[in-house]
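Note that this is a predicted model, so its numbers are computed, not measured. Quick note on labels: first sequence line is chain A, next is B, and so on, each numbered from 1.
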There are 2 protein chains.
Amino acid sequence: MPAHAKGDKVDTSIQRPSAAPLTERQEARRRRILHASARLASRGGFDAVQMREVAESSQVALGTLYRYFPSKVHLLVATMQDQLERMHGTLRKKPPAGDTPAERVAETLMRAFRALQREPHLADAMVRALTFADRSVSPEVDQVSRQTTAIILDAMGLADPTPQQLSAVRVIEHTWHSALITWLSGRASIAQVRIDIETVCRLIDVTEPEPGARE
Amino acid sequence: MPAHAKGDKVDTSIQRPSAAPLTERQEARRRRILHASARLASRGGFDAVQMREVAESSQVALGTLYRYFPSKVHLLVATMQDQLERMHGTLRKKPPAGDTPAERVAETLMRAFRALQREPHLADAMVRALTFADRSVSPEVDQVSRQTTAIILDAMGLADPTPQQLSAVRVIEHTWHSALITWLSGRASIAQVRIDIETVCRLIDVTEPEPGARE
DNA sequence: ATCAAGTCTGAAACTTGTTCTAGATTAGCG
DNA sequence: CGCTAATCTAGAACAAGTTTCAGACTTGAT
């Protein structure tokens with residue numbers, strides 16, 4: 001991974017939610033870039049997202065692209081944030097129908113999974129970037145993680161989950177990412193992914209504080 | 001990831017367990033390469049494993065290195081296989097002391113985790129390679145997965161696990177990999193990893209087929 | 001020992017992520 | 001409007017993974 005990308009330099013980058021409100025033209029550039037990224041990723045996955053092409057395709061100089069997204073991984077993780085938000089919106093509209101929290105979470109995740117199936121290359125690019133991200137991308141990856149957590153908690157539909165349930169959610173996220181990877185790299189079938197998801201979702205019920213139940 | 005590594009060419013590669021018994025000198029070369037790979041990885045993780053350096057350091061031409069391991073990811077996954085075998089051997093010697101299968105698995109994984117902690121850069125390189133691997137590395141990644149499964153089953157110490165328990169093992173593996181990644185990229189503490197491991201290990205007991213017994 | 005086939009070597013070439021530079025453009029401000 | 005600082009552009013340059021190739025070396029069979 002060509003990255004003499006180390007040095008400490010003055011940070012002139014865009015992005016941090018702190019300063020820099022982004023002018024209109026800048027916002028537009030950012031959108032164009034993310035759009036181009038997603039488009040290329042949909043075509044051929046991680047490898048097909050080539051920085052020069054993204055730049056050209058979004059009518060932006062290569063240097064500018066790097067100013068908006070300091071690396072290919074940053075770009076793809078941002079793309080994932082973008083898509084996740086979209087998906088969270090969609091999922092919100094039709095809440096899952098299951099009776100137990102576990103069922104609802106499993107249903108939601110499988111629904112998300114089917115959505116990813118429709119654009120497997122895009123999914124590949126995003127997930128590979130996510131797991132390949134090193135420390136320099138931590139904030140962005142964390143953001144994705146929080147968003148995922150939010151989706152799961154939404155699906156559970158519990159007002160305030162117990163600490164055990166939060167642990168279960170963490171484990172569900174782990175499983176979700178890892179299962180996705182095994183599927184994307186062709187080492188697990190969709191059926192297998194479903195089983196894994198359903199299996200891990202049991203943890204929610206298990207950790208539910210049922211007074212009077214001998215655990 | 002510079003990889004115009006697509007074309008279909010006659011496969012002259014070493015490695016496949018099928019043919020090619022590997023002469024002594026070849027076996028030696030292979031060892032030197034894996035050793036160099038591990039050494040460089042221990043220094044600086046994924047980025048520090050540079051193919052030119054591995055080649056030089058193992059006294060082998062670059063072309064030869066690529067003949068033994070068709071990509072950097074292949075090399076690092078092979079390195080992982082190597083280390084995993086070593087670790088399985090070590091773990092076997094002192095079986096975990098817990099009372100329940102879940103406890104034993106958690107104990108074993110935490111032990112493995114501490115071993116990885118001792119060489120965090122090496123762990124980084126191997127795990128990143130593993131999750132970044134695409135379809136062309138599936139066989140090797142699968143092998144690593146089987147080895148991991150074997151370690152977990154060993155720790156459980158059950159003669160023939162139920163299908164549910166096998167599912168649990170799969171989920172444990174998912175969690176293990178993903179938790180490792182979050183730790184390696186500094187997004188989770190060791191304590192957090194322990195909690196995640198212990199949480200997911202409950203699935204084993206939950207899925208235990210105890211007729212009439214609440215353990 | 002000899003020959004063919006298969007390997008290994010060294011070096012150059014190619015690809016793609018990333019950085020750098022010099023000169024246009026743009027934005028905000030007085 | 002006229003500045004100044006920040007931003008953007010085009011394009012060259014650099015790093016590291018990967019491929020290629022010609023020639024030297026090994027190996028195995030005869």
* Please test B/Ser178 against A/His174 for side chain to side chain donor-acceptor pair (under 3.5 Å), starting from the C-alpha separation and ending with a verdict. => CA-CA 5 Å; B/Ser178 180; A/His174 286 316; 2.7 Å; yes
* Structure fact -> residues 106-117 of chain B vs side chain to side chain donor-acceptor pair (under 3.5 Å), sequence neighbours excluded, gives B/Glu107-B/Arg111
* Structure fact -> side-chain hydrogen bond (donor to acceptor under 3.5 Å, both in side chains) filter on B/Thr79, not counting sequence neighbours, yields B/Ser37
* **Partners passing salt bridge (charged side-chain N to carboxylate O under 4.0 Å, His left out) against A/Arg104 (at least two apart in sequence or in another chain)** => none
* **Distance-only polar pair, side chains of A/Thr23 and A/Arg25, donor-acceptor under 3.5 Å** => no
* Structure fact -> B/Arg25 CZ to C/dC8 P, in whole Å, measures 9 Å
* Asked: For C/dC8, does either OP1 or OP2 sit under 4.0 Å from a side-chain N or O belonging to B/Tyr66?
  -> no
* Please list, by residue number, the residues of residues 48-61 of chain A whose heavy atoms come closer than 4.0 Å to an atom of DNA chain C; answer none if no residue qualifies. => A/Val49, A/Gln50, A/Met51, A/Arg52
* Whole Å only: how far is the NZ atom of B/Lys72 from the C1' atom of D/dT18? -> 12 Å
* Does a nitrogen or oxygen in the side chain of B/Arg67 sit under 4.0 Å from OP1 or OP2 of C/dT9? -> no
* Asked: Whole-Å distance between D/dG17 P and A/Phe46 CZ?
  -> 14 Å
* What is the distance, rounded to the nearest whole Å, between atom CZ of A/Phe69 and atom C1' of C/dG17? -> 16 Å
* Asked: Side chain of A/Leu62: nearest nucleotide among D/dT18, C/dT19, D/dT26?
  -> C/dT19
* To do: Using atom CG of B/Leu75 as one end and atom P of D/dA16 as the other, report the distance to the nearest whole Å.
  => 16 Å
* **Under the side-chain hydrogen bond (donor to acceptor under 3.5 Å, both in side chains) test, residues paired with A/Ser136 that sit two or more places apart** => A/Asp134
* Structure fact -> Whole-Å distance, B/Leu40 CG to D/dG17 C1', equals 15 Å
* To do: Find the distance B/Leu65:CG to D/dG17:C1' and express it as a whole number of Å.
  => 11 Å
Would you be so kind as to tabulate the donor-acceptor pairs closer than 3.5 Å made by side chains of residues 144-154 of chain B, with sequence neighbours excluded?
| unit_1 | atom_1 | unit_2 | atom_2 | d |
| --- | --- | --- | --- | --- |
| B/Ser145 | OG | B/Glu173 | OE1 | 3.1 |
| B/Arg146 | NH2 | B/Gln143 | OE1 | 3.3 |
| B/Gln147 | NE2 | B/His88 | ND1 | 3.4 |
| B/Thr148 | OG1 | B/Val144 | O | 2.9 |
| B/Thr149 | OG1 | B/Ser145 | O | 2.9 |
| B/Thr149 | OG1 | B/Glu173 | OE2 | 2.5 |
| B/Asp154 | OD2 | B/His88 | NE2 | 3.1 |
| B/Asp154 | OD2 | B/Arg92 | NH1 | 2.8 |

* Sugar-phosphate, base or nothing in reach of B/Ser71, heavy atoms under 4.0 Å -> sugar-phosphate
* To do: Using atom OH of A/Tyr68 as one end and atom P of D/dT7 as the other, report the distance to the nearest whole Å.
  => 9 Å
